[in-house]
Amino acid sequence: MKTIGVNALLVAAVPGEAQMQAIYMDETQPIELRVKDALSRMTLEEKVGLCYAQSKFSSRGVQRLGIPEVWMDDGPMGVREENKWDEWGGAGFTNDSCTAFPALTCLAATWNPEMAAIYGKALGEEFRYREKDVMLGPGVNIYRTPLNGRNFEYMGEDPKLAATMVVPYIKEAQKNGVATCVKHFALNNQETWRSGVDVQLSDRALYEIYLPAFKAAIVEGGSWTIMGSYNKIRGTYASHNDLTLNKILKEEWGFDGCVITDWGGAHDTKEAVLNGLDIEMGSYTNGLSTGRAFAYSDYYLADAYLKGLKSGIYPMSSIEDKASRILRLIFRTAMNRHKPWGSFASPEHAAVARMVGAEGIVLLKNEPLKKKESALLPLDGSLYKKILVVGENATRRLTEGGGSASLKAKEEISPLAALQAKYGDKIQYTMGYASGPSVYGREGKPAFNTDSLRVQAIEMAKDADLIVYIGGLNKNHRQDCEDGDRKSLDLPFEQDVLINALTAVNPKIVMVLLSGNAVAMPWIKQVPSIVQGWYLGSQAGNALVDVLSGAVNPSGKLPFSFPVKLTDCGAHAFGEEGYPGLADTKIETYKEDILVGYRWHDTKNIPSLFPFGHGLSYTTFKYSKASISAKSIEKDGTLTVTIPVTNTGKVAGKEVVQLYIGDVKCSVLRPLKELKSFQKIALAPGATEQVQFTIKNDDLCFFDEVKHAWVSEAGAFKVYIGSSSTDIRAMLDFELK
Ligand code: BGC
């Protein structure tokens with residue numbers, strides 16, 4: 001054991017002045033010098049002590065040296081309530097009811113990096129106020145299958161979109177002296193067998209599809225921590241994986257922060273020591289569910305590690321590295337004396353939640369019932385005497401449930417409450433269906449026969465002037481919830497039966513789906529207006545009514561494709577091997593490879609129900625003739641593409657102008673086109689904006705598995721500019737020399 005030096009004794013004995021003068025305490029000193037100084041004062045036991053949990057959500061500091069503990073909390077959409085020290089469950093605090101912000105799918109659907117910045121700032125302030133050092137989020141796993149129970153915590157199917165949105169979120173959040181913990185690194189794209197599934201995929205799929213958002217979070221966003229996921233990658237658990245953590249994250253991307261396990265993600269001391277893990281959390285538990293009595297000193301990085309270091313099995317350099325990373329984290333967060341104070345559950349944060357929510361809502365369909373009539377949305381209350389609201393999600397608390405992202409929200413304004421506030425006693429309500437309580441790990445089932453609910457809804461629908469249906473999924477097990485995937489693409493709780501019956505008696509129906517996932521819509525032809533409303537958090541009802549009423553013109557665009565049926569989706573086109581993996585070995589092969597989401601639909605010519613990037617407005621936008629600055633580009637050059645976009649309708653609105661590029665001929669398979677840039681513009685009626693994009697060689701590359709590098713091949717390329725991935729308004733050609 002290292003003896004405690006005079007310096008350290010001095011620090012301990014005279015906490016006041018001498019401690020403040022120590023280099024590690026001095027924030028004017030370079031961080032690396034502070035790390036070195038702190039390390040020089042620490043015993044081996046103290047260094048190892050940093051590397052594992054001391055409670056469900058915290059890890060130790062160095063008590064003797066005044067180096068504080070690290071306090072973490074979920075999750076990506078709000079600060080989770082205080083947890084008990086050693087077991088799962090709320091501690092019963094009365095000061096921890098937070099602002100619930102909209103789910104990350106909704107944030108992604110804004111396609112507006114400014115919204116991500118505002119969101120990150122507000123969320124960071126909430127974490128800071130609650131004195132947390134690490135926020136366990138955001139999540140950027142790619143949307144591979146609509147069955148994934150956790151898609152609502154992520155930012156959709158496209159690496160460019162997710163990467164663009166995650167960077168400002170992180171930058172703004174971390175200004176509060178709170179570290180983001182980007183999760184779940186990597187390839188945690190389903191919840192079925194999440195702690196055992198062994199993902200096999202090509203380097204191309206890894207680098208082109210699944211890594212870019214994480215890379216942006218680390219390299220551009222500068223996230224101070226990252227969470228290793230539960231699954232295996234090519235045979236090794238992701239929380240201690242040499243390829244993803246040592247080679248890619250730490251070597252290729254130069255990450256100097258901490259890798260934290262998902263809760264219970266560590267499985268082996270040697271791998272944890274050598275394969276890039278820094279802080280071990282939640283061992284012997286599976287996240288929120290199982291647990292057993294154990295001592296934190298039994299953790300893989302605890303006594304077993306210390307013993308191995310002392311006996312020379314593990315190199316001392318391993319603990320120097322881990323402790324350095326953890327000290328950096330502590331200096332950046334808990335020991336940052338200049339961080340702001342934050343704020344919590346404030347009216348300003350409620351306003352952020354409402355604004356982001358309204359901007360992320362996607363108007364999927366809005367067609368008049370008869371020619372020459374206007375569409376049902378925006379909802380003009382003066383036209384109706386009786387507006388019937390049907391559906392459990394009109395009143396259900398959707399900030400609760402879903403697993404670790406479940407929130408104890410200070411308020412949650414339901415859609416029904418907001419509709420009543422807006423349209424008064426024109427509003428009538430009936431549930432129509434029921435789903436049952438939200439019990440973690442168990443599928444919610446109503447305790448009664450729900451036929452009577454359906455019968456009543458149909459009766460009430462007959463003489464309603466308008467039906468506003470508010471259904472979708474919820475946060476129950478096997479819906480949008482951690483630790484289980486959905487069983488099918490269909491709407492649950494017999495909603496399709498109900499919707500069909502409603503449309504048969506009254507075709508004037510506005511469908512609002514609250515979910516984090518795509519659902520099948522067998523009734524799509526009978527329903528004239530459809531809104532994708534996500535999970536909107538504390539201000540859910542207000543944000544929704546802002547859009548339904550037209551107070552806010554919808555401008556959200558889908559961050560993932562809605563397939564017609566499950567097998568139209570790349571992940572489900574290859575049987576069990578492709579999803580969820582083989583039952584005996586748990587090996588899952590990403591056979592669709594790089595063709596995820598719209599890349600699959602486009603390239604294989606399989607139409608989607610609603611394509612990636614789709615979203616309507618209450619106004620119309622005209623895209624005029626596009627131009628390109630030159631017919632060819634050199635490898636180190638740039639091209640400028642310009643397209644005038646005009647608001648040709650009667651109300652102000654925002655449009656997301658999307659630029660995709662396709663490689664016409666290449667030695668490897670390439671998707672028909674890929675999103676390379678987008679801009680969200682706001683236009684008054686009649687106004688025009690010249691939207692400009694710059695194209696560079698980086699936008700033309702694929703990942704060459706042999707060279708292990710990004711390369712582009714000379715030849716013809718196509719530019720597609722559109723209002724969605726299929727609504728292409730202009731095409732241009734150019735050549736790479
Ligand atoms: C989840 C993580 C979460 C952690 C702590 C795990 O079950 O996968 O996303 O941050 O629990 O609650």
Side-chain angles (χ1 to χ4, degrees), residues 52-59 70-91 96 98 103-105 123 127 130 132-141 148-155 166 173 178-197 214 217 223-232 237-239 258-267 277-291 296 299 400-408 440-441 475 477 480-485 516:
Y52 58 96
Q54 63 163 4
S55 76
K56 274 274 171 273
F57 279 100
S58 70
S59 59
V70 177
W71 277 87
M72 318 177 188
D73 208 356
D74 287 302
M77 278 97 59
V79 193
R80 183 176 176 175
E81 70 179 316
E82 296 298 323
N83 198 84
K84 291 178 197 154
W85 190 268
D86 266 336
E87 327 151 37
W88 293 111
D96 58 350
C98 67
L104 294 194
T105 33
L123 185 59
F127 272 82
R130 298 281 336 139
K132 303 299 176 193
D133 305 306
V134 180
M135 76 159 72
L136 303 173
V140 288
N141 293 88
N148 181 7
R150 292 190 89 171
N151 279 335
F152 71 100
E153 294 187 63
Y154 304 139
M155 299 203 196
V166 77
V178 175
T180 53
C181 186
V182 195
K183 63 194 194 182
H184 304 88
F185 191 62
L187 300 161
N188 185 180
N189 303 311
Q190 69 190 48
E191 291 297 290
T192 300
W193 305 330
R194 68 173 179 173
S195 296
V197 66
F214 285 104
S223 183
W224 294 324
T225 74
I226 190 166
M227 185 187 287
S229 53
Y230 285 129
N231 53 290
K232 290 180 182 168
Y237 283 106
S239 279
C258 290
V259 174
I260 302 173
T261 56
D262 201 338
W263 269 230
H267 297 270
L277 176 62
D278 302 306
I279 302 181
E280 177 188 358
M281 298 298 297
S283 287
Y284 315 112
T285 71
N286 168 13
L288 292 163
S289 48
T290 53
Y296 292 102
Y299 272 41
E400 288 167 15
S404 57
S406 179
L407 292 172
K408 184 165 122 188
Y440 187 76
K475 301 282 192 67
H477 186 55
D480 284 318
C481 185
E482 182 174 337
D483 213 4
D485 282 346

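The basis for the numbers below is simple: all heavy atoms, side chains too, and nothing from hydrogens, waters or symmetry mates. First listed ligand is number 1; within each ligand, the first listed atom is number 1. Because the structure is a prediction, the values reported are computed rather than measured.
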Minimum heavy-atom distance Val134-Ile260, with the two atoms named: CG1-CD1, 4.3 Å
Per-atom contacts of ligand 1 with Arg80, taking only distances under 4.0 Å to non-hydrogen atoms: 12 (O)
Option of least heavy-atom distance to atom 12 (O) of ligand 1 (set: Val134, Ile260, Asp74): Asp74
Atoms in ligand 1 flagged as close to Ser404, the criterion being non-hydrogen separation under 4.0 Å: 1 (C), 2 (C), 3 (C), 9 (O), 12 (O)
Atoms of ligand 1, numbered as shown, that sit under 4.0 Å from any heavy atom of Leu136: 10 (O)
Sub-4.0 Å heavy-atom approach of Met281 to ligand 1: no
Glu191, portion touching ligand 1 at heavy-atom distance under 4.0 Å: neither
Ring centers of Trp193, Tyr230 separated by less than 6.0 Å: no
Met72 heavy atom under 4.0 Å from ligand 1: no
Nearest heavy-atom neighbours spanning Pro138 and Leu104: CB-CD1, 3.8 Å
Value rounded to 0.5 Å, distance of OG in Ser404 from CG in Asp262: 7.5 Å
Atom pair NZ (Lys475) and SG (Cys481), whose distance is rounded to the nearest 0.5 Å: 8.5 Å
Heavy-atom gap Glu153 to ligand 1 smaller than 4.0 Å: no
His184 N/O under 3.5 Å from ligand 1 N/O: yes
Contact atoms of ligand 1, heavy-atom distance to Phe57 under 4.0 Å: 5 (C), 12 (O)
Part of Met135 within contact of ligand 1 (heavy atoms, under 4.0 Å): neither
Per-atom contacts, ligand 1 versus Lys183 - under 4.0 Å to a heavy atom: 2 (C), 3 (C), 9 (O), 10 (O)
Distance in Å, Glu482 CD paired with Glu153 CD, rounded so as to fall on 0.5 Å steps: 6.5 Å
Ring centres under 6.0 angstrom apart (Phe127, Trp71): no
Test item: side-chain donor near acceptor, Tyr154 and His184, under 3.5 Å: yes
